[in-house]
Protein chains: 2
Amino acid sequence: MNIVEQIDKINMQLTVKGYKLTPQREITLKVLLENERDHLSAEEVYMLVKQEFPEIGLATVYRTLELLAELQIVQKMNFGDGVARFDLRMEGHDHMHHHLICKVCGALEEIQDDWLLDLEQRVATEYGFQVTDHRLDFTGVYHTCKNNSKQCKRTGKAVS
Amino acid sequence: MNIVEQIDKINMQLTVKGYKLTPQREITLKVLLENERDHLSAEEVYMLVKQEFPEIGLATVYRTLELLAELQIVQKMNFGDGVARFDLRMEGHDHMHHHLICKVCGALEEIQDDWLLDLEQRVATEYGFQVTDHRLDFTGVYHTCKNNSKQCKRTGKAVS
DNA sequence: TTTCGTGCAAAGGTTTTGCACCGCA
DNA sequence: TGCGGTGCAAAACCTTTGCACGAAA
């Protein structure tokens, strides 16, 4: 599914709920889809949207992101750096992505396996708790970073 | 290990790093240890410390919590309610606690099983990533909350 | 016209910082 | 004296909100 199709699909979700796909919302969505792997902050989204739509205000970006979170199109997350970051939840990614956070190079990789179905079953039986969503983050170090190579394997970023 | 012993142990960790256990820090630690299960925010810690040490300033609490996080005695966490919360990491709890967050009653339960050793092994082999810590939160609903009982099973809190 | 969405500026809430002061080596 | 630690207030920071305006049904 390409970006245009995804935006169409989201447009339908908006319409059903009585919301409109304004140019501001469309460009914000485009930015999110084009940077799906990057976990952008509101400020970063704002900067990118501004390149195509300079008149947009930061408040609109916040309102759009809030709207998308309400529709479960994005998920608001916090990785401890003081800003909220937004994770797309398209195409069955629903509650199935985990994160690897490298302490050396700062990379934040998303991995797609769903490893937790057994655990969710155990939580249900042992704790009387029905899971609807989960969050799993691993902090650690890429072997390539640890081995003192000059670049992070994933991002290509220079490593301090 | 009782609270006095735990504070002694932490005092040693502080001393090794050149920090002192001031009365403010000691009372802050006591509050954290006495409310280990509660994931207090800085403001909540401040209120509780103030009861025993009214002259303390909020900034000191923030600085103490930051210091304890640096020493890995507490972990700063964010559950999406706009404030940082602090999780004690004493007595081998290290990277072994997970959370159940009930959407109905708001309870935040800590569970102690360490279910992720296998997954950490997989991450190491499949992604070339050595895990040093992890975070696993389950969002969902307690069966007792779902069944419309008037109280949450865990907290006893009234359920809307 | 009515409603929804927007931009701007102001407000709100949390956390950090600057600075003078204090106690202890 | 020197230095780490503190309290207070101000600042910084991210995010939300109030309000008037504008576009579309």
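Because the structure is predicted, anything quoted here is derived from the model rather than measured. Order of the sequence lines sets the chain letters (A, B, ...), proteins ahead of strands, with each chain counted from 1.
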**Student:** Can you find a heavy atom in the side chain of A/Thr60 that is under 4.5 Å from one in the side chain of A/Thr28?
**Tutor:** no

**Student:** Give the nucleotide from the list C/dT15, D/dG5, C/dA9 with an atom nearest to the side chain of A/Ala59.
**Tutor:** C/dA9

**Student:** Within the 4.5 Å heavy-atom criterion, are A/Leu116 and A/Val131 side-chain neighbours or not?
**Tutor:**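 No; the side chains remain at least 4.5 Å from each other.
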
**Student:** Check each of A/Glu44, A/Gln75, A/Lys76 against A/Arg85 using the side-chain contact (heavy atoms from CB on, under 4.5 Å) test, and report the only one that passes.
**Tutor:**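 Passing option: A/Glu44.
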
**Student:** Between A/Leu65 (CG) and D/dT17 (P), how many Å, whole number?
**Tutor:**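 After rounding, the reported distance stands at 15 Å.
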
**Student:** For A/Leu21 and D/dA24, what is the distance between atoms CG and P respectively, to the nearest whole Å?
**Tutor:** 13 Å

**Student:** Could you state the CG-C1' distance from A/Leu67 to D/dT16, rounded to the nearest angstrom?
**Tutor:**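 From A/Leu67 CG to D/dT16 C1': 15 Å.
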
**Student:** Just to be sure I understand the rule, does A/Phe53 reach a base, reach only the sugar-phosphate, or reach nothing, if contact means heavy atoms closer than 4.0 Å?
**Tutor:** sugar-phosphate

**Student:** Using only side-chain N and O atoms of A/Thr60, determine if any of them is under 4.0 Å from OP1 or OP2 of C/dG5.
**Tutor:** no

**Student:** For a 4.5 angstrom cut-off between non-hydrogen side-chain atoms, does B/Leu67 reach B/Tyr19?
**Tutor:**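 Yes, at least one pair of side-chain atoms sits under 4.5 Å.
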
**Student:** Does the D/dG7 base have a donor-acceptor partner in the side chain of B/Arg63 within less than 3.5 Å?
**Tutor:**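 Indeed there is one.
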
**Student:** If the cut-off is 4.0 Å, is A/Thr22 near the phosphate of C/dT6, judged by side-chain N/O to OP1 or OP2?
**Tutor:**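 The answer is yes; a side-chain N or O of A/Thr22 sits under 4.0 Å from OP1 or OP2.
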
**Student:** To the nearest angstrom, how far is B/Asn78 atom CG from D/dC14 atom C1'?
**Tutor:** 12 Å

**Student:** Is any side-chain heavy atom of A/Glu126 less than 4.5 Å from a side-chain heavy atom of B/Ile111?
**Tutor:**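 No; the side chains remain at least 4.5 Å from each other.
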
**Student:** Identify which nucleotide among D/dT16, C/dT16, D/dT6 has an atom closest to any side-chain atom of A/Tyr62, counting heavy atoms from C-beta outward.
**Tutor:**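 Of the options given, the side chain of A/Tyr62 lies nearest D/dT16.
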
**Student:** To the nearest Å, how far apart are A/Asp81 CG and C/dT15 C1'?
**Tutor:** 14 Å

**Student:** Return the nearest nucleotide to the side chain of A/Leu58; candidates are D/dG4, D/dG7, D/dT15.
**Tutor:** D/dT15

**Student:** Using a 4.0 Å heavy-atom cut-off, does A/Glu43 contact any base of the nucleic acid, only the sugar-phosphate backbone, or nothing at all?
**Tutor:** nothing

**Student:** With the side chain of A/Ala42 defined as its heavy atoms from C-beta on, choose the nearest nucleotide among D/dG7, D/dT15, C/dT6.
**Tutor:** D/dT15

**Student:** Taking the side chain of B/Ile56 as heavy atoms from C-beta outward, which of D/dG7, C/dT6, D/dT6 is closest to it?
**Tutor:** D/dG7

**Student:** Among D/dC14, D/dG5, C/dT14, find the nucleotide with the atom closest to the side chain of B/Tyr19.
**Tutor:**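 From the listed options, D/dG5 comes nearest.
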
**Student:** Reckon B/Glu66 touches a base, only the sugar-phosphate, or nothing at all at heavy-atom distances under 4.0 Å?
**Tutor:**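 No contact at all - B/Glu66 keeps every heavy atom at 4.0 Å or more from the nucleic acid.
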
